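Not measured: the values here are computed from a predicted model. When a ligand or atom number is given, it counts from 1 through the structure's own listing order.
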Amino acid sequence: MSEIKIAPSVFAADLGLLREQLAEMEQAGADLLHVDVMDGHFVERMAFGADHVRALRKLTRLPLDVHMMVERPENHLDSILDAGADIVTVHAEATTRLLSCMQKIHKAGARSGVVLNPATSEETIRYILDDVDMILLMTVNPGEGGQHFLPAVLDKIKCVRGMIDERPIDLEVDGSIDDKVIWSCYEAGANVFVSGGYLFKGSITENIAKLRKACE
Ligand code: ZN
């Protein structure tokens, strides 16, 4: 099983306390900072763009895991990569140029990732696996608040872990991950866990520890 990585989602952070919260995440052993970029088209909400990624780059040494919930991500890759993203994931549903996006991200020296919405079949990515460093499976509908973890995704996690086989690909899950559902995702084969609302309720340090402990 691959190494467990915890990726706090900056969307759920308190922007007024961002510097302190980033320092606490680093201290508590967070592995990545997950940055949700939302364009108001692919998802209803709008959040974070290249300028925010650039600002975050200066504020933290955590690798920036940029999740582009954006139509035609190919039009925005240059600015996101230039802003300092370490990992860029794009939705399979948002582009007809998925492989080309993966190649462009690699060419810029970043790690490439593909995201699948809950309704999208894993077959979509079967033939691009050699160009992918991370696969992100949505465990809720993207960009909508107040949702519950979708247990049907557990089957997809298992299928994708099987497809990954021996490749060094991280398998990330995103959406309502807490200390109750993380174990079933880990057991199914996920190893990178985005945590938003759960992580920022109460102590960030304790919550990161609880997530890790739940996987033991
Ligand atoms: Zn995300």
Residues Asp36, Arg45: salt bridge by 4.0 Å N-O rule = no
query = Relative to the Zn ion (ligand 1), which of the N, O or S atoms in Asp36 is the closest?
reply = OD1
Considering only N, O or S atoms of His67, the one closest to the Zn ion (ligand 1) = ND1
Heavy-atom donor-acceptor pair, Thr139 side chain to Gly175 backbone, under 3.5 Å = yes
remark   = min-distance N/O/S atom, Asp174 vs the Zn ion (ligand 1), resolves to OD2
task = Determine yes or no for a side-chain-to-main-chain donor-acceptor pair under 3.5 angstrom, with Glu26 supplying the side chain and Arg61 the backbone.
result = yes
query = About how many Å separate CD of Glu93 and CG of Asn117, when rounded to the nearest 0.5 Å?
reply = 4.0 Å
